[in-house]
Each structure stands twice: as structure tokens, then as C-alpha cells.
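Residue numbers run from 1 in the order of the sequence given.
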Amino acid sequence: PEDRQQSIGDRPARRWAEQTIAIRPLVEVTPAPAGGGWYLIGTRIGARYTAAVTTAAFRPRSLPVSIIGLGVSQIVGWGSTFFIPSVMGRHIGEDLNLPAEVVFAGPTIMFVVGALLAPRIGRTVDRKGALSLMATGSVLASCGLAALSFANGPATYIAAWLLLGIAGVMMMGTISSVALAQIAGDRARRALAFLTTVGGLASTVFWPLGGALDATLGWRTTVLLYAG
């Protein structure tokens, strides 16, 4: 088909790459010039989302390593944050004198903060790519877990989860899929399927691991180890 140009909001028109990444419902694309172009990854209420990467940036040989690396990051990320209350919630509640509703509100706070920040994070990913943002999110997660390990009441407990919410949207879930899509290019569909499968092992790994560490070292030391 003939080359056509599309625009995203007030962005200058750019040529789309030929391959489409199936993160969201697909829309029609047209070939991009050789060696470059934006990859269209889907729509939401008519707004187009793109991954800020060119075909020249793809490194196909690194794809298996990337899948394993991102998969491990998702296992550790979800396991060391989201599953803390389900594994150590009783001991946290007893130590901080918190009702179960407050203890288990932690992951809810994390998701609410992530939802509020998601549009801004998405725009940042468009400009700078996902990998650097994930690295920053990992540092923030370590800070949030360290803060959680030193919590001494409801205020500090909730504050730690607010920080984990900021970190979570920067390193877990959708952003990891975008990062892999930027690396995989036209092989993204299969790569994303593998990433989802590997990431689903977080509970399998961290429920028994967290329970054993909690029983041996206590919840504070366990969470501090997660921070490291």
C-alpha cells in the first residue's frame, strides 16, 4: 500500500512501521522507511499509543535474554510488593497494631496511585522508552520496601505503600510489555506470551519463600531483604 502519515494529538506526523504490536486492539498501519519508524501498539478511545523506538534500535539476538530478564524482574517486583500482605499480613498487623483492613489496603493504595500516574508515565515512555524508567522504578521500590520495613504505625505504613505505588507503575505490568515490544519488534506477540507466563510465577515463588523468611527472620527483616 502507499505510504500514508498519521499524527498523534499535536505530534508531528510520523510514518508507522509495518509491523503492529498487539498490546491493544490493532489499527491499520502503513510501511515505514527502512531503518526507522514508530511502532503503533494500539488504541484507546481513538487515541494512538506508540513505542518511542526505531527498527534500528531492535536487537533480535538479545530477545531470549530480554524475556528472561524482564520475566525475572516481574516475578521479583510482584512477589516483593503485592504479595507482602497475603504472606506476612497477620504478623504486620500484630506488630503495628493495625486492623486487617488497613494491612490489606496496601496493595489497593499501590494500584490507585499507579492508575493516577499511568497517563503521565505513558507519555514519558513515549519520549524516553521503557527500560530507563523501569530502572528508576526499581530504585524507588527499594526505597519503598525499606520504608515499609521501618513502619511504626498506620501513617508510615500507608506512606510506604504510596511510594510503592509510584514504583510499581514504573516497573511492573504494562510497562514491561512495552519494554519487550520495543526490543522484540515484529516478534512481540510470542515474546509477550512468554513474558506473561513467566511473570505469573510470582506467587509460586514468593508465597513459600516469603513465608519461610517471615517465620525465620520476621517480617521486617524479610521486607528489608526484598529491598536489597
Novice: Looking only at heavy atoms, what is the nearest atom pair of A179 and L131, with distance?
Specialist: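 So the minimum-distance heavy-atom pair works out to CB-CD2, 3.6 Å.
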Novice: Is there a donor-acceptor pair closer than 3.5 Å between any side-chain N or O of Q74 and the backbone N or O of L201?
Specialist: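 Checked: no pair found.
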Novice: Looking at S138 and M134, would you say the former's side chain and the latter's main chain have a donor-acceptor pair under 3.5 Å?
Specialist: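 A pair under 3.5 Å: yes.
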Novice: Backbone N or O of V76 within a donor-acceptor pair of the S80 side chain at under 3.5 Å?
Specialist: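 Flag set: sc S80 to bb V76 pair under 3.5 Å.
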Novice: Mark yes or no for whether R90, through its side chain, and A100, through its backbone, hold a donor-acceptor pair below 3.5 Å.
Specialist: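 Looks like no, no N/O pair under 3.5 Å.
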Novice: What is the minimum heavy-atom distance between L98 and G153, and which atoms define it?
Specialist: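 Smallest heavy-atom distance, with atoms named: CD2-C, 4.4 Å.
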Novice: Among S176, S73, S66, whose side-chain contact (heavy atoms from CB on, under 4.5 Å) with L195 holds?
Specialist: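 The passing option is S176.
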Novice: Search all heavy atoms of T81 against all heavy atoms of W161 and return the closest pair with its distance.
Specialist: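 T81 and W161 have their closest heavy atoms at O-CH2, 3.1 Å.
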Novice: Does the ring centre of W78 sit less than 6.0 Å away from the ring centre of F83?
Specialist: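 For F83 and W78, the ring centres are not under 6.0 Å apart.
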Novice: Backbone N or O of G218 within a donor-acceptor pair of the T221 side chain at under 3.5 Å?
Specialist: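 No; judged by distance alone, with no hydrogens or angles, the pair does not exist.
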Novice: At their closest point, which heavy atom of L145 faces which heavy atom of V223, and how far apart are they?
Specialist: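 Taking L145 first and V223 second, the nearest heavy atoms are O-CG1, 3.2 Å.
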Novice: How far apart are the closest heavy atoms of S149 and L224, and which atoms are they?
Specialist: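 That closest heavy-atom pairing would be OG-CD1, 3.5 Å.
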Novice: Would a distance-only check, ignoring hydrogens and angles, find a side-chain to backbone donor-acceptor pair under 3.5 Å from S142 to G228?
Specialist: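 Here the side-chain-to-backbone pair does not exist.
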Novice: Hydrophobic clustering (ILVMFWY, side-chain heavy atoms < 4.5 Å, transitive) - are F150 and L225 grouped together?
Specialist: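 No, it is not one cluster - the side chains of L225 and F150 are not joined through contacts under 4.5 Å.
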Novice: State plainly whether one hydrophobic cluster holds both V139 and L162, where clusters connect Ile, Leu, Val, Met, Phe, Trp and Tyr through side-chain heavy atoms under 4.5 angstrom apart.
Specialist: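 No, separate clusters.
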Novice: To check you understand the geometry: which heavy-atom pair defines the closest contact between A167 and A141, and what is its length?
Specialist: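 A167 and A141 have their closest heavy atoms at CB-N, 3.4 Å.
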Novice: Under 3.5 Å, side chain of D214 to main-chain N/O of W219, donor-acceptor pair present?
Specialist: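 Yes; judged by distance alone, with no hydrogens or angles, the pair exists.
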Novice: Check whether any side-chain N or O of Y157 sits under 3.5 Å from a backbone N or O of N152 as a donor-acceptor pair, and report yes or no.
Specialist: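 No.
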